[in-house]
S.K.: 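Quick one: this structure, given as structure tokens, is what I'll be asking you about.
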Amino acid sequence: MRFIHTADIHLGATPENQHEWAKDRADELWNTFERLIKQIKEKPVDMLIIAGDLFHRQPLLREIKEVDYLFSTIPTTKVVLCAGNHDFIKKGSFYDGYEWSENVIFLNGKNVEKVEIPELNTAVYGLSYYSREITDSMYDNVIVENPEMINILVAHGGDEKHIPMNRQRMAMSGFDYTAIGHIHKPFVDEDAKMAYCGSLEPIDVNETGDRGYIYGEVTKNELKLEFVPFAKRIYIDLDFTVTPDSTNMEIKQRLEEVYEENGVDNMYRITFTGYRDPEFEIDEKEVERSGNVTGIIDQTVPDYDFQDLYEDNKDNILGLFIYRYLIKDELSETEQKTLYYGTKALMDAMEDVE
């Protein structure tokens, strides 16, 4: 059986909405999900598994209808989904009682339930969240009922507040595959026959690296898994070194070259390091305008002339601090950093006093 395993799509989220370049980011989450459905329509799989958090919050009825329409366009694919901790089924939820398309299986039980799909010789197990947090280990003691079928567990959680999991115990439960959601970073363990697919699109600046889905093929004798990058954008942490000769125009042009090389659609958190001219300051507003910049961390230090600084400050704490290092024949890398950062901190403090 061929399947696609996805989760944590978070439709309705508005990541990076404080940035002008991200004004359409919420729509991109929907567009990527639609793109996945269209891909399945063109290259059908037997099953689409959505392991929780299809929505970022309680879905509106019209949003469920939009999603269900997309499911109806892939009628030969069985769609299996559950509610996660973000889109949990609370009182009055539009999930409750909704009549999905014929090819959709919504695992809406509060406890793990089983649904058989005879045409695929497959049984799927899973539950839905009815609260934001579940601290009980709901999956650890589930055992397959019919080992002759292909058995798949659809799970959402893995931390102490969201269904803690004992992976070793789960691996011994007899499932041919466990499709897990909640942790946004992809993680595949073929030996244990389980995987976190990660989020389809990254929604937080700390979610660096590729995001996408798991493509799998499973029989009673074999499991093959492949992570497929699929996101329109990814987060990249960028280290950028400046020198005493750096200028803002040079920094801007070098950044643009990095964006071209690594993807202009991607999102960058930039950490500046190195030694700069003491009179030079990085134009952070210009850096923000240079691309899809999510944050700037300036760890540069001024490239001081320590002999001149010492001569000008012999009689104060700054001069005494510098002198401790000037009398040494050679400084280690740690001592060099201490000298630079210590000097900067003392000079900033002296300016504040003035």
S.K.: CD1/I64 to CZ/F71 distance, rounded to the nearest 0.5 angstrom?
M.R.: 10.5 Å
S.K.: Do the rings of Y98 and W100 sit parallel, tilted or perpendicular, given the 30° and 60° boundaries?
M.R.: perpendicular
S.K.: Are side-chain N/O atoms of Q307 and E311 paired as donor and acceptor at under 3.5 Å?
M.R.: yes
S.K.: At what distance, to the nearest 0.5 angstrom, does OH of Y275 lie from OH of Y340?
M.R.: 5.5 Å
S.K.: Any salt bridge (Lys or Arg N to Asp or Glu O under 4.0 Å) involving residues 184-213? Give me the pairs, sequence neighbours left out, ordered by first then second residue.
M.R.: R25-E201
S.K.: R324 side chain to G319 main-chain N or O, any donor-acceptor pair under 3.5 Å?
M.R.: no
S.K.: Find out if a path of hydrophobic residues (ILVMFWY) with successive side-chain heavy-atom gaps under 4.5 Å connects I327 to I322.
M.R.: yes
S.K.: Quick one: does T32's side chain have a donor or acceptor within less than 3.5 Å of a partner on L29's backbone?
M.R.: no
S.K.: Look at atom CD of E281 and say whether more than 12 heavy atoms of other residues, nucleotides or ligands are closer to it than 6.0 Å.
M.R.: no
S.K.: Got a salt bridge between E119 and K78, using NZ or NE/NH1/NH2 to carboxylate O under 4.0 Å?
M.R.: yes
S.K.: Determine, stepwise, if the pair D298 / T300 fulfils side chain to side chain donor-acceptor pair (under 3.5 Å).
M.R.: CA-CA 6 Å; D298 186 359; T300 62; 2.6 Å; yes
S.K.: If you measure only the distance, is there a donor-acceptor pair under 3.5 Å linking the side chains of N108 and Y95?
M.R.: no
S.K.: So among D53, D159, D8, which one has a side chain to side chain donor-acceptor pair (under 3.5 Å) with H182?
M.R.: D159
S.K.: For N17 and A22, indicate whether the former's side chain and the latter's backbone hold a donor-acceptor pair under 3.5 Å.
M.R.: no
S.K.: Measure centre to centre between the rings of Y325 and F306, then say whether the value is under 6.0 Å.
M.R.: no
S.K.: Between M350 and Y341, is there a shared hydrophobic cluster once you connect ILVMFWY residues whose side-chain heavy atoms come closer than 4.5 Å?
M.R.: yes
S.K.: Hey, could you give me the CH2/CG distance between W30 and D24, rounded to the nearest 0.5 Å?
M.R.: 15.5 Å
S.K.: Side chains of S290 and Y268: do they bring a donor and an acceptor to under 3.5 Å?
M.R.: no
S.K.: Determine whether a donor-acceptor pair (N or O, by modelled atom type, separation under 3.5 Å) exists between the side chain of D140 and the backbone of S137.
M.R.: no
S.K.: Test question: given the 4.5 Å side-chain rule for I, L, V, M, F, W and Y, name all other residues clustered with I105, or answer none.
M.R.: M1, F3, M47, I49, V80, L107, V115, I117, L120, V124, I150, I152, V154, Y177, V188, I214, V218, L223, L225, F227
S.K.: Give a yes or no on whether the backbone of L54 and the side-chain of D87 come within a donor-acceptor separation of less than 3.5 Å.
M.R.: yes
S.K.: So how far is it from L200 CG to H10 NE2, rounded to the nearest 0.5 Å?
M.R.: 10.5 Å
S.K.: Between D305 (side chain only) and D308 (backbone N and O only), is there a donor and an acceptor less than 3.5 Å apart?
M.R.: yes
S.K.: Can you name the salt bridge (charged side-chain N to carboxylate O under 4.0 Å, His left out) partners of R289, sequence neighbours left out?
M.R.: E286
S.K.: Cut-off 3.5 Å, no hydrogens considered: what does the side-chain donor-acceptor table look like for residues 232-239, sequence neighbours left out?
M.R.:
| residue | atom | partner | partner atom | Å |
| --- | --- | --- | --- | --- |
| R233 | NE | E28 | OE1 | 2.9 |
| R233 | NE | E28 | OE2 | 3.3 |
| R233 | NH1 | D265 | O | 2.9 |
| R233 | NH2 | E28 | OE2 | 2.8 |
| Y235 | OH | E16 | OE2 | 2.7 |
| D237 | OD1 | R269 | NE | 2.9 |
| D237 | OD1 | R269 | NH2 | 3.2 |
| D237 | OD2 | R269 | NH2 | 3.1 |

S.K.: Is there a donor-acceptor pair closer than 3.5 Å between any side-chain N or O of D68 and the backbone N or O of S101?
M.R.: yes
S.K.: Taking atom CD1 of I282 and atom CZ of F240, what is their separation to the nearest 0.5 Å?
M.R.: 8.0 Å
S.K.: Taking all non-hydrogen atoms of both residues, which atom of A83 and which atom of S128 are closest, and how far apart?
M.R.: N-OG, 2.9 Å
S.K.: Strictly below 4.0 Å, N to O, side chains only: are E63 and K65 in salt-bridge contact?
M.R.: no
S.K.: Would you say the ring centroid of H162 lies under 6.0 angstrom from that of H156?
M.R.: no
S.K.: Are E42 and K38 ion-paired here, with the side-chain N under 4.0 Å from a carboxylate O?
M.R.: no
S.K.: For E250, give me all partners under side-chain hydrogen bond (donor to acceptor under 3.5 Å, both in side chains), at least two apart in sequence or on another chain.
M.R.: S246, R254
S.K.: State, yes or no, whether a side-chain contact exists between I37 and L48 at a heavy-atom distance under 4.5 Å.
M.R.: yes
S.K.: Other than M194, which residues form its hydrophobic cluster under the rule that side-chain heavy atoms must be closer than 4.5 Å?
M.R.: F88, V112, Y125, L127, Y129, I134, M138, Y139, V142, V144, L153, I163, M165, M170, F175, I180, I183, F187, Y196
